[in-house]
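Right, one structure below, let's go through it.
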Amino acid sequence: MSTPEDQFKNVISHAKEYGYIFQSSEIYDGLSAVYDYGQNGAELKKNIRDYWWRSMVQMHENIVGIDAAIFMHPTTWKASGHVDAFNDPLIDNKDSKKRYRADVLIEDHVKKIEEKIKKEVEKAAKRFEGFDEAMFRSTNARVLEYQAKADEIEARFKTALENNDLAEVKQIIVDLEIVCPISGSRNWTDVRQFNLMFSTSMGAVTDESNIIYLRPETAQGIFVNYLNVQKSGRMKIPFGIAQTGKAFRNEIVARQFIFRMREFEQMEMQFFVKPGTEMEWYETWKTRRMAWHKALGIDEKKYKFKDHIKVAHYANAAADIEFEFPFGFKELEGIHSRTDFDLRQHEQFSGKKLQYFDQDYTGPLNSELAKTQTPEDWKDNHSYVPYVVETSVGLDRLFLAILSTSLQEEKLEDGETRTLLSLPPQLAPIKVAIFPLMGKDGMPEKAMEIFNLLRFDHNVTYEEKDNIGKRYRRQDAIGTPYCITVDQQSLEDNTVTIRDRDTMKQERVSIDKIAAIVDEKVNMKYLLKKTS
RNA sequence: GCGAAAGUAGCUCAAUUGGUAGAGCUCCAGCCUUCCAAGCUGGAGGUUGCGGGUUCGAGACCCGUCUUUCGCUCCA
């Protein structure tokens, strides 16, 4: 039996061989962690995106979709926290091969000094009655010495960061004789800066002031348009804004094929709710999103929820839908209760009010809200900054999930093996392949008639090369749900055989029934019905 | 980024100790056959990832580099 590792390699080579995924710029040796979608990959990806879009926008009367630009005003990323939060200086210990954030190493060192101060204070507190801690801290020589040292380190570190002086950051680590907790050695690499966001410049002249970033998430395009959409669409809370699009992250390590790429596509929906109701909506969306995935008919055991124990700074609850990839359970989709963090940040940075006027609303609904929103915000008892529940799927990850789980080596009764890509039929790049059994006697012409009939409804293909078995197997490997074959009998009575990809069973039907049979299997509306 | 392994035809892989780069499948043209990867004939396809070096001679040995996979690390 093949190992999961072999299976994954199979998926990658199959993806290439059948026009699903190619490495970017392959003729130039490729570009690390960037991939292109081929003729079949582009179709599958588009179909997955359509399934998501239609189930979000078409199937929910209170969700609308937008398409925001990838370029956004630089202040967006200051407000969102991306500029500050993801510029970590990193350093490696050469002996233990462990990587650390340089700022964390230094701060930990400072904390140790503060621990020492604390111990001194505790010792003294035991010794003296009527102990005055403030007095002790400001007079005790040893404490003062420790404090001075801690202050000095922090000041030095702050200056180094402000000057973007990474050599100095390393020097601080060297001077403080900080050792690696694992190896215990001081054998450090240089400090390097990893920037999450790709930057470029706008305008012909390059200078600091016109640096702009390629968005690292699509969500901010939704937040900055919140008011535009709410007003122009006369949206009533609760409502959602959906968006699909490319995002870019300069990952330190981007690997595992298309699972983690530097350029990738997200499908995000931000749902704006009344403060205090966010947990209900969070649970609702968790359930809905899982149902959406499971409607695809993939083995349900491959999906599971994973709740985040530690949530990001902006969230008060978060869960992932994980999928069992060939390399284990990994995140496919995130559902986050993002509170009012983003909208409030944008209010603050833009100076524009991003509030919702709610006829029925009277004051804060929970203590959480009272913490972040001042009475000033709801003084008229009708306006508030909405809370947000986010659903965010990686389109490329979902693509990989579907592709990898669909690829199978099937043992047939006669001992042969069949390579089968059992894609959900509604998502398959090509819905029907049409073959003349032989390339003569008018069969190709008859087959072309059927081809021209079906092409208005579906992506169909026509093939007359090679023997029929070979053509069937080729379509199996691409994942085409149906093959239709025109034979001698077709010319006499207008019937054809229609072969099912998964069962390999054939049925003889009259040509005018084909459209209905195919539609029932591949029309996305049946998939959408399963989710609602 | 560190460590390990790998890179030869579109794909899967050979090539003795350093001595003429090959097979199967695929692809193209034709013949035959006609419902599950059949057969026959012919053909195309390569600066062995790329760049240096050692050698009379390198696919093989050495150095560098790029890409991929695995482990570590990071992941809003």
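Order of the sequence lines sets the chain letters (A, B, ...), proteins ahead of strands, with each chain counted from 1. All values below come from the heavy atoms of this structure, side chains included, with hydrogens, waters and symmetry mates left out.
Considering only residues two or more places apart in sequence or on other chains, A/Thr287 meets the side-chain contact (heavy atoms from CB on, under 4.5 Å) condition with none of them. The side-chain contact (heavy atoms from CB on, under 4.5 Å) search around A/Lys45 returns A/Tyr37, A/Arg49, A/Lys246, A/Glu265, A/Leu395, A/Asp396, A/Phe399, not counting sequence neighbours. Considering only residues two or more places apart in sequence or on other chains, A/Asp500 meets the side-chain contact (heavy atoms from CB on, under 4.5 Å) condition with A/Tyr482, A/Asp502, A/Thr503, A/Lys521. Partners of A/Asp466 under the salt bridge (charged side-chain N to carboxylate O under 4.0 Å, His left out) rule, at least two apart in sequence or in another chain, are A/Arg474. Among residues two or more places apart in sequence or in another chain, the ring-ring contact (aromatic ring centres under 6.0 Å, His included) test is passed with A/Phe223 by none. Under the rule for a ring-ring contact (aromatic ring centres under 6.0 Å, His included), A/Phe248 has no partner lying at least two apart in sequence or in another chain. Every residue meeting the salt bridge (charged side-chain N to carboxylate O under 4.0 Å, His left out) condition with A/Asp342, not counting sequence neighbours, appears here in chain and number order: A/Arg338.
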**OP:** Can you check each nucleotide of nucleotides 28-37 of chain B against protein heavy atoms at under 4.0 Å and return B for base, S for sugar-phosphate only, - for none, in 5' to 3' order?
**Re:** SS----BBBB
Original post:
How does protein contact run along nucleotides 42-47 of chain B, one letter per nucleotide 5' to 3', with B for base contact, S for sugar-phosphate only, - for none, heavy atoms under 4.0 Å?
Top reply: ------
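At a threshold of 4.0 angstrom between heavy atoms, the contacts of A/Phe257 are confined to the sugar-phosphate backbone, with no base atom among them. Within the nucleic acid shown, A/Ala33 comes within 4.0 Å of sugar-phosphate atoms alone, with no base atom in reach, counting heavy atoms only.
Between A/Arg471 and A/Asp476 no salt bridge is recorded (no basic side-chain N to carboxylate O distance below 4.0 Å).
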Between protein and nucleic acid, restricted to nucleotides 7-11 of chain B and to nitrogen or oxygen atoms under 3.5 Å apart, what atom pairs and distances do you find?
unit_1 : atom_1 : unit_2  : atom_2 : d
B/rC11 : OP1    : A/Lys16 : NZ     : 2.9

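Within the shown strands, nothing qualifies as a pairing partner of B/rA9 under the Watson-Crick or G-U definition with both distances less than 3.5 Å. In this structure, B/rA21 forms no base pair with any nucleotide, since neither Watson-Crick nor G-U wobble geometry is met with both distances under 3.5 Å.
Screening residues 316-336 of chain A for salt bridge (charged side-chain N to carboxylate O under 4.0 Å, His left out) gives A/Arg289-A/Glu333 as the qualifying pairs, with residues at least two apart or on separate chains.
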Name each donor-acceptor pair under 3.5 Å that joins a side chain in residues 438-451 of chain A to protein atoms two or more places apart or in another chain, with its distance.
unit_1   : atom_1 : unit_2   : atom_2 : d
A/Lys446 : NZ     : A/Asn494 : OD1    : 2.6

